[in-house]
Number of protein chains: 2
Amino acid sequence: MPQQSKKAKASKAKLQSAPFRRTRSDHSTELVEDYLELIADLIDVKGEARGTDVALRLGVANATVVKMLKRLQDKGFITQEPYRAVMLTTEGWEIAEKGRRRHAVVENFLLAIGVSSETARIDSEGIEHHVSEETLRMMARFTNRKS
Amino acid sequence: MPQQSKKAKASKAKLQSAPFRRTRSDHSTELVEDYLELIADLIDVKGEARGTDVALRLGVANATVVKMLKRLQDKGFITQEPYRAVMLTTEGWEIAEKGRRRHAVVENFLLAIGVSSETARIDSEGIEHHVSEETLRMMARFTNRKS
DNA sequence: GTTAAAATTTAGCCAAGGCTAAATTGAATT
DNA sequence: AATTCAATTTAGCCTTGGCTAAATTTTAAC
């Protein structure tokens, strides 16, 4: 099999690998968004977000949450004092809100195309992090037309 | 704040955490599917799948591919002899085909709702792994109706 | 005000998926 | 056939996101 030139290969690869690289780098961001969204929900519903609640909802051990919260604090998304509930910073709220918005758009869209509410709830959780603004716009447009 | 009973908490948590746990456990599966799909494509297009091509397309170092291919072999999805191209086993082909089918359904669906081809290509890559059979059916139905 | 229970944190472990650098093997050219 | 260059593999490292078990701190009940 004849070899392609190095340059040809490289440029082709750049194009091709972009989606994959994006998918992969998203993974760390996904978790952050899940945490922040959940914390925002807990604060709205229960008045505060405790580590244990986060752990329960995410289906993860307490220690895992502690570690993650420390990271969220380092990144400036939450504030916390030892043994107390966590607060979202302004930036934390912004990310959480953005996530909730995406989430809602995707979930409503799935409902609009006829998916059951249970499935819409589950699938939107997975999909929300991988949808570009453009796709989100199209989803919202479709949903609005249907309602 | 009054405490809920342990039982109430636990059952609520079980419900809530299901989607998250699924999203997380998917991550390992996702990569496997990406590799197998890509290998299948390479075999179809170029007649064989070499480690370097996989690395280039996934935007990942050679050594990373080697390690992953070893895992794919252990799981029985591919066969390989040292310094030679990899082959898909029957099971490997099945997974690759399933992935390609999902991928195609999602991509065509995105196109059908008006997303640009570039975005459809990118987003479908991320979304494909998080779509249930039910949602996939609805997407296919919608696409067929539009065409 | 003690004490018991629950929540939180710490410590230390593991596997997955990345990387670079160095060693090895295969293939192509001369 | 020897050499050179590209591909592959090995070795060793790192980070992330999990876990359990043990220690600590709050909170609630008495």
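Just so you know, these numbers come straight off a predicted model, no measurement behind them. A note on names: the letters A, B, ... follow the listed sequences, proteins ahead of strands, and every chain is numbered from 1.
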Mind calculating the distance between [atom1] ([X]) and [atom2] ([N]) to the nearest angstrom?
| X | N | atom1 | atom2 | answer |
| --- | --- | --- | --- | --- |
| B:E30 | C:dA16 | CD | P | 16 Å |
| B:K46 | D:dA7 | NZ | C1' | 13 Å |
| B:E33 | C:dA16 | CD | P | 17 Å |
| B:L69 | D:dT8 | CG | P | 10 Å |
| A:L31 | C:dA16 | CG | P | 17 Å |
| A:H27 | D:dT15 | NE2 | C1' | 15 Å |
| A:E48 | C:dT8 | CD | P | 9 Å |
| B:E81 | C:dT24 | CD | P | 22 Å |

Under 4.0 angstrom between [X] side-chain N/O and [N] OP1 or OP2:
| X | N | result |
| --- | --- | --- |
| B:T52 | D:dA7 | no |
| B:T64 | C:dG17 | no |
| A:K70 | C:dT10 | yes |

Between B:V131 and A:L111, is there shared hydrophobic-cluster membership here, with clusters defined by ILVMFWY side-chain heavy atoms closer than 4.5 Å? no
In one Ile/Leu/Val/Met/Phe/Trp/Tyr side-chain cluster, 4.5 Å: B:I43, B:I78: yes
Quick check for you: to the nearest 0.5 Å, what is the distance between B:E33 atom CD and B:H129 atom NE2? 5.5 Å
Take A:E125 and A:D34, measure what side chain to side chain contact (heavy atoms under 4.5 Å, CB included) needs, and give me the verdict at the end. CA-CA 9 Å; A:E125 191 65 56; A:D34 282 345; 3.4 Å; yes
Please work out whether the ring planes of B:H27 and B:H130 are parallel, tilted or perpendicular, with thresholds of 30° and 60°. perpendicular
Report the nucleotide, chosen from C:dC19, D:dT20, C:dT24, that has the shortest atom-to-atom distance to any side-chain atom of B:Y83. C:dT24
Taking the side chain of B:S28 as heavy atoms from C-beta outward, which of C:dG17, D:dT10, D:dG17 is closest to it? C:dG17
Between B:A63 and B:R71, which residue's closest nucleotide on DNA chain C lies nearer the 5′ terminus? B:R71
Which residue lies more 5' along DNA chain C, comparing B:N62 with B:K75 via nearest heavy atoms: B:K75
Comparing A:R50 with B:G51, nearest DNA chain D nucleotide closer to 5' gives the residue B:G51
Scan A:R84 against the nucleic acid and name what it touches under 4.0 Å (heavy atoms): base, sugar-phosphate only, or nothing. nothing
